[in-house]
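Treat the numbers as computed from the prediction; the structure is a model and nothing was measured.
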Amino acid sequence: MFELKNDQFLRALARESVDYTPVWMMRQAGRYLPEYKATRERAGSFMDLCRNAELACEVTLQPLERFELDAAILFSDILTIPDAMGLGLYFETGEGPKFKKVIRSAADVADLKVTDGDQDLDYVMNAVRTIRRELNGRVPLIGFSGSPWTLATYMVEGGSTREFRWVKEFMVQQPEAMHQMLDILAQSVISYLNAQIRAGAQAVQIFDTWGGVLSGPCYEEFSLRYMRQIVDGLIRENEGRSVPVILFTKGGGQWLESMAQTGASCLGLDWTTDLGQARQRVGGRVALQGNMDPFMLFAKPERIRQEVETILASYGKGPGHVFNLGHGISQFANPDHARVFIDAVHELSRPYHES
């Protein structure tokens, strides 16, 4: 494959020395960029954009043309696996993702089949290969998937939710069926992420967006258990280099010690967790990723720089930190403020890596 020109991101995930703290943004390819909106319009629909390898590549690379980012992330959606299971994913303007079929019973779960990443989601692999080719070694490419619990949440609720009524009711009333569904999803995620790695993804992230809505015992039983199963099943070396795995549970800062024992390379933190305290808690077991509040990008440039400095100081000197937002960038964020953020990380972090 192509020689990697900038490996700061992968070195940080391996807790190796770096020249500066590498930075990327969750949802860095998306609606805050006018060029993304233009490509999305040409594609016809969101899923048409995801299924077109050339257009998915185009939007993946758009933020790298604007900003000095240290990684690219595959443009896709976390709900591709349920869609491949036949649930009929679609998007309504202003309402987010929805499914034509929902899972509400053990009989519904019995109809689910483990998806094959290469065969059932070949359009994603085509996009990964296309992006790797066009990146030409510029920066590493991150692949990703939703966690089993997060995917199950959408599958049971039928779309986005604020109450989590149906999925939590399913969890407490039909725990055996829930575990069966989560196991099917875990096997599907393993196949999906391994296919992405074989196609060229150089790191992978598991987005556990809704793990934080669970109690501690339920998080361990219904979310972390299955992410551990995934980590155990992933290809961890490819192209002569280790393949790091990032776990990101939004609202999961209280469980970092348990997450650090999964075998993951790095834990993503949202903005509610103090980065310095997190580093003390997990020691040198894992790298940490995060964790500026995405809405800090609405502040004035000097305030953004101050926040970057505060977070860098909180982590302190030494390797093992990948700078990121604590969640995805807002669609209403000013791209010029994103540039201030990224440039500030590169500039202000260098003293933290001097020997």
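- In the hydrophobic cluster analysis, where Ile, Leu, Val, Met, Phe, Trp and Tyr join through side-chain heavy atoms closer than 4.5 angstrom, Val139 is grouped apart from Val18.
- For residues 73-82, the set of pairs meeting the salt bridge (Lys or Arg N to Asp or Glu O under 4.0 Å) definition, not counting sequence neighbours, is empty.
- Every residue two or more places apart in sequence or in another chain that forms a side chain to side chain donor-acceptor pair (under 3.5 Å) with Thr272 is listed here: Asp270.
- Remark: Trp255 engages Tyr219 in a ring pair (Phe, Tyr, Trp, His ring centres under 6.0 Å) (not counting sequence neighbours).
- Side-chain contact annotation: His353 with Thr21, donor-acceptor N/O pair under 3.5 Å present.
- Side-chain contact of Gln62 with Thr39: a donor-acceptor pair under 3.5 Å is present, judged by distance alone.
- For residues 29-46, the pairs satisfying salt bridge (Lys or Arg N to Asp or Glu O under 4.0 Å) are Glu35-Arg66, Arg42-Glu58, with sequence neighbours left out.
- A search for side chain to side chain donor-acceptor pair (under 3.5 Å) contacts involving Asp108 returns Ser105, not counting sequence neighbours.
- Using cut-offs of 30° and 60° for the angle between ring planes, the Phe323 and His321 rings count as tilted.
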If you look only at distance, which donor and acceptor atoms sit under 3.5 Å apart when one is on a side chain in residues 187-201 and the other is two or more places apart or in another chain?
from, atom 1, to, atom 2, distance (Å)
Gln187, NE2, Asp183, OD2, 2.8
Ser188, OG, Thr115, N, 3.0
Ser188, OG, Thr115, OG1, 3.4
Ser188, OG, Ile184, O, 2.9
Ser191, OG, Gly117, N, 2.8
Tyr192, OH, Thr80, OG1, 3.0
Asn194, OD1, Ile235, N, 2.7
Asn194, ND2, Ile190, O, 3.4
Asn194, ND2, Gly233, O, 3.1
Gln196, OE1, Phe144, N, 3.0
Gln196, NE2, Phe144, O, 3.0
Arg198, NH2, Asp118, OD2, 2.7

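- For residues 335-355, the set of pairs meeting the salt bridge (Lys or Arg N to Asp or Glu O under 4.0 Å) definition, not counting sequence neighbours, comprises Arg305-Glu347.
- Taking the six-membered ring where tryptophan is involved, the planes of Phe67 and Tyr32 are essentially parallel, since the angle between them stays under 30° and well short of 60°.
- With sequence neighbours left out, the side chain to side chain donor-acceptor pair (under 3.5 Å) criterion links His337 to no other residue.
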Donor-acceptor contacts under 3.5 Å from residues 164-173 side chains, at least two apart:
from, atom 1, to, atom 2, distance (Å)
Lys168, NZ, Val213, O, 2.7

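- Within the structure, salt bridge (Lys or Arg N to Asp or Glu O under 4.0 Å) pairs that include any residue of residues 250-265 comprise Glu257-Arg281 (at least two apart or interchain).
- Judged as a side chain to side chain contact (heavy atoms under 4.5 Å, CB included), and not counting sequence neighbours, the contacts of Gln277 are Asp274.
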Show me, pair by pair, the donor-acceptor contacts under 3.5 angstrom made by side chains of residues 121-128, not counting sequence neighbours?
from, atom 1, to, atom 2, distance (Å)
Asn126, OD1, Arg129, NH2, 2.8
Asn126, ND2, Asp122, O, 3.4

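- Residues Leu269 and Leu256 form a side-chain contact, since some pair of their non-hydrogen atoms from C-beta on lies under 4.5 Å apart.
- The aromatic rings of His346 and Tyr20 lie perpendicular to each other, with more than 60° between the two planes, well past the 30° mark.
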* Hey, mind stepping through Phe332 and Phe295 against ring pair (Phe, Tyr, Trp, His ring centres under 6.0 Å) and telling me if it holds? -> CA-CA 10 Å; Phe332 305 109; Phe295 278 88; 8.6 Å; no
